[in-house]
Amino acid sequence: MELNQQQLAAVTYDGPKRNVMVVAGAGCGKTRTIIARAAHLVRKGTDASRILVMTFTNRAARELRVRLKGEVGETCESIQAGTFHAFCLKVMTQIPNSFGMHGLHVIDADDQESLMGVVRKALIKRLSGPKRGFPSTQQLLSYHSYSRNVLLDPREYLKRQTELQEEEIPLCLEMFAAYQKEKIDRGYLDYDDLLERFAVTLEEKPKLRQAVCTLFDEVLVDEMQDTNPIQFKILRHFGDERVRLFCVGDPAQSIYRFRGAEFKHMLHFESVFGDSITFPLSLNYRSYQEILDFSNWLLHRSSLAYPTNLEAVRGRGSLPVRVEDFEHQSDECTWIADLIVSCQERKMPLSDVMVLYRSAYEARPMEAELIRRGIAYRFIGGLVLTKSAHVRDILSLLRLARDPRDDLAWMRFLQIWPRIGERTAQRILGALGTVTPDAVLSTLREEMGTDHLAAMAYEEAVKNFAKPSACVKAVNTVLKQVLSQRYDHWEQRMKDLDLLEKVARNWQSTSQFIDDFTLEPMNDTQISNAHNDDALTLITVHSAKGTEASICIVASATQSNYPHFRSLGDAEAEEEERRVLYVACTRAKDELFITRSSFNRNAFWVKHSPAVGEPYFLQELPEAGVIRTLHGWSPQGAGGLALLQDIY
């Protein structure tokens with residue numbers, strides 16, 4: 001693996017400092033540096049089983065293992081690599097007594113919503129006054145999750161960081177407590193429980209903390225800027241046991257504040273862990289310098305001193321950054337589609353083009369234009385395969401084959417059958433009694449009929465549970481008879497189930513397959529990319545981390561999106577919006593287009609933002625290296641500065 005001098009200095013560091021922080025700018029080989037460090041440690045004699053790599057997605061962990069295998073061969077199989085959530089779950093299930101984990105299973109976001117919905121419905125009757133404005137089930141889950149991940153007292157969080165009325169807060173807290181109790185009573189854990197239970201237990205049991213943390217000599221952390229306070233607390237446990245930390249990240253790419261991510265963990269690294277050294281990576285291998293000049297300009301206009309100034313290894317290209325202004329959003333979409341067609345005419349693969357949007361909602365007019373033109377595209381940041389109803393039906397039966405006490409899975413599975421509603425499902429669930437597979441099968445036959453397909457499906461799932469692909473195939477075969485009658489567009493849905501079966505071949509354990517899909521639901525386009533390689537990519541910026549394309553179009557770059565209008569007045573939120581735009585621009589390798597329209601359905605202009613004193617990141621553009629083109633653009637449009645400036 002070839003490394004430049006900056007990377008080599010970080011990868012091979014073996015000096016007196018125990019901990020290493022690598023500040024790696026966009027396109028500067030962050031993943032390469034992590035992989036090279038792991039390979040270097042193995043070659044220098046570190047036991048591979050004593051190396052832990054923490055990533056933020058299972059996909060990143062799988063990529064890392066594949067690339068490591070190319071460097072150090074089969075030895076890499078012993079390296080522990082995975083997400084924070086997956087690591088915590090693995091440790092706790094291996095020593096369940098220490099963490100109180102017996103018989104507990106992780107539930108996904110939809111199950112969490114179902115459970116909180118039950119709690120909310122039961123307790124909202126206690127609210128005196130109107131109930132319409134009370135937080136929804138999703139809002140309650142969001143509040144509860146955020147306060148836990150950032151280690152804030154929920155009462156103080158609700159009081160200071162939400163717009164709840166004083167009299168609503170006690171009821172919210174009661175719902176949080178009831179939700180936690182319902183999970184424990186039913187044998188469930190949610191995502192946040194994995195981190196919280198792990199971190200708190202290690203804090204309460206110093207001997208256990210020492211035993212767990214000292215299983216490793218080296219902990220390598222990817223995307224350090226995305227750690228939230230509870231993840232940072234887990235890293236502090238390792239630091240307290242003097243395990244060496246090697247962390248890589250970029251403060252300028254921290255865009256997950258809504259999940260509790262805190263880029264200042266990187267800035268405070270040395271003061272928290274001590275005995276540390278920092279290495280910068282500024283040589284960018286992705287983009288031409290014109291693109292980097294624009295991206296650097298964007299960061300340099302911030303009041304924060306980001307430790308990043310990107311330099312292109314590729315040098316300068318022949319094209320500047322282009323900002324294209326339109327009067328109407330329809331004109332903008334037409335122009336983008338024309339550009340894509342011209343790429344096709346130049347025999348350029350569609351997969352070399354990426355269109356980035358601030359939100360999935362903003363991309364809908366573009367999708368309509370692409371469909372009208374017959375241009376093949378994939379959308380990333382939209383539908384998650386495992387959130388599809390038919391896929392969740394299949395997974396519910398797999399969960400029951402693993403543990404017949406899973407009553408949320410029973411309620412879903414039973415209600416896919418004709419003439420079985422919630423009440424009948426509850427009655428059958430109550431009749432199950434002893435939950436051995438034989439007893440369950442007997443009860444299903446008694447309650448639903450000897451030859452009922454539900455009993456046959458359960459029997460097939462249990463019989464084939466040892467092999468994930470065989471289990472999915474057997475369940476598909478039986479359930480498609482009822483699912484094909486339950487859902488429309490069955491031909492497409494059947495393809496989803498076929499893909500699920502193929503994906504299952506990559507797992508050795510059905511239980512692990514369920515857990516991995518629960519912890520990280522797979523996007524439908526991620527799973528089916530191999531079936532449509534030459535397609536344009538539409539993607540949300542938050543889904544674009546780690547991606548790149550020869551031509552990138554940052555679309556709908558209006559004032560209401562950069563910064564997003566919901567961030568106005570919050571200095572930290574507005575600054576994160578700058579980073580969102582920075583991430584979008586640094587995806588481009590050869591050409592960067594920024595498009596915007598005055599008559600955008602969500603666009604408006606704000607004269608002054610008190611948080612940063614800047615109404616719009618692209619209000620002014622750098623004089624050099626940027627071409628601005630007006631396509632019938634008028635400042636008098638719905639988003640026009642001249643029209644609304646005086647109002648604000």
Side-chain angles (χ1 to χ4, degrees), residues 26-27 57 250 252-256 258 284 286-288 290-292 294-295 297-299 310 319 321-326 329 332-340 343 348-370 375-383 523 525-526 529 535-565 567 576-597 600-603 616-618 621 626:
T57 66
D250 180 9
Q253 294 188 75
S254 180
I255 60 174
Y256 295 109
F258 63 93
N284 177 287
R286 177 183 297 150
S287 310
Y288 283 125
E290 287 85 351
I291 295 168
L292 300 185
F294 183 82
S295 303
W297 167 84
L298 184 64
L299 285 189
L310 300 177
L319 298 171
V321 174
R322 289 177 55 179
V323 177
E324 308 286 337
D325 285 312
F326 303 87
Q329 191 173 30
E332 179 183 357
C333 293
T334 298
W335 185 89
I336 293 172
D338 287 343
L339 176 63
I340 294 163
C343 290
M348 177 181 290
L350 282 177
S351 55
D352 284 353
V353 184
M354 182 186 294
V355 185
L356 299 103
Y357 281 93
R358 177 62 183 79
S359 67
Y361 179 74
E362 286 286 342
R364 289 177 183 172
M366 190 69 238
E367 286 194 86
E369 180 67 14
L370 294 173
I375 298 173
Y377 75 95
R378 62 173 67 92
F379 183 70
I380 299 177
L383 177 67
N523 187 282
T525 53
Q526 289 176 308
N529 274 351
L536 169 75
T537 297
L538 289 188
I539 191 168
T540 61
V541 182
H542 283 87
S543 299
K545 290 276 292 290
T547 65
E548 59 184 34
S550 295
I551 298 176
C552 283
I553 304 161
V554 180
S556 292
T558 62
Q559 177 163 353
S560 57
N561 283 325
Y562 300 105
H564 196 276
F565 66 88
S567 72
E576 180 170 72
E577 293 299 310
R578 182 190 303 278
R579 299 193 293 268
V580 171
L581 182 56
Y582 173 80
V583 167
C585 294
T586 52
R587 302 308 94 195
K589 295 166 64 177
D590 302 332
E591 298 181 61
L592 173 62
F593 296 90
I594 298 173
T595 66
R596 54 190 182 179
S597 55
N600 182 292
R601 57 184 171 174
N602 290 330
Y616 175 35
F617 299 142
L618 302 179
L621 296 171
V626 175

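Only a predicted model underlies this, so the values are computations on that prediction, with no experimental measurement involved.
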Legend entry - Smallest separation among heavy atoms of Y616 and P563, with atom names: CA-CD, 4.3 Å
Legend entry - Reported OH-to-OG distance for the pair Y361 and S556, which is rounded to 0.5 angstrom: 11.0 Å
Legend entry - Aromatic plane relationship, W335 with F326 - under 30° parallel, 30 to 60° tilted, over 60° perpendicular: tilted
Inset, instruction - State, with a plain yes or no, whether a side-chain heavy atom of L370 is found less than 4.5 Å away from one of L536. - result: yes
Inset, instruction - State the OG-CD distance between S254 and E576, to the nearest 0.5 angstrom. - result: 6.0 Å
Legend entry - Donor-acceptor contact present, side-chain T595 to main-chain E324, <3.5 Å: no
Inset, instruction - May I ask you to check whether R596 and Y562 show a side-chain donor-acceptor distance below 3.5 Å? - result: no
Inset, instruction - For A544 and I539, work out which heavy atoms get closest and say how close. - result: CA-CD1, 3.6 Å
Inset, instruction - Search all heavy atoms of A252 against all heavy atoms of Y582 and return the closest pair with its distance. - result: O-CD2, 3.3 Å
Inset, instruction - Measure the spacing between CD1 of I551 and CG of L350 and express it to the nearest 0.5 Å. - result: 10.5 Å
Inset, instruction - Grab the two heavy atoms, one from R578 and one from L299, that are nearest each other, plus how far apart they are. - result: CD-CA, 4.4 Å
Inset, instruction - Could you tell me whether R358 and E577 make a salt bridge, using a distance below 4.0 angstrom between a side-chain N and a carboxylate O? - result: yes
Inset, instruction - Compare every heavy atom of L592 with every heavy atom of C585, then report the nearest pair and how far apart it is. - result: CB-CD2, 3.9 Å
Inset, instruction - Rounded to the nearest 0.5 Å, what's the gap from CD1 on I553 to CZ on R322? Could you check? - result: 10.5 Å
Inset, instruction - Any chance you could measure F617, atom CZ, to N561, atom CG, to the nearest 0.5 Å? - result: 11.5 Å
Inset, instruction - Would you indicate whether the side-chain heavy atoms of E332 and E369 approach each other to under 4.5 Å? - result: no
Inset, instruction - For residues N284 and T586, determine if any side-chain heavy atom of one lies less than 4.5 Å from a side-chain heavy atom of the other. - result: no
Legend entry - Verdict with supporting geometry, Y357 and M366, side-chain contact (heavy atoms from CB on, under 4.5 Å): CA-CA 10 Å; Y357 281 93; M366 190 69 238; 3.0 Å; yes
Legend entry - Side chain H542, main chain Y256, donor-acceptor under 3.5 Å: no
Inset, instruction - Verify, without hydrogens or angle tests, whether R587 (side chain) and T547 (backbone) share a donor-acceptor contact under 3.5 angstrom. - result: yes
Inset, instruction - For residues F294 and I594, determine if any side-chain heavy atom of one lies less than 4.5 Å from a side-chain heavy atom of the other. - result: yes
Inset, instruction - Find out whether C343 and D352 are in side-chain contact, i.e. whether some heavy atom of one side chain is under 4.5 Å from a heavy atom of the other. - result: no
Inset, instruction - Mark yes or no for whether K545, through its side chain, and Q253, through its backbone, hold a donor-acceptor pair below 3.5 Å. - result: yes
Inset, instruction - Taking all non-hydrogen atoms of both residues into account, name the closest pair between I291 and K589 and its distance. - result: CD1-O, 3.8 Å
Legend entry - L319 vs D590 side-chain heavy atoms within contact, under 4.5 Å: no
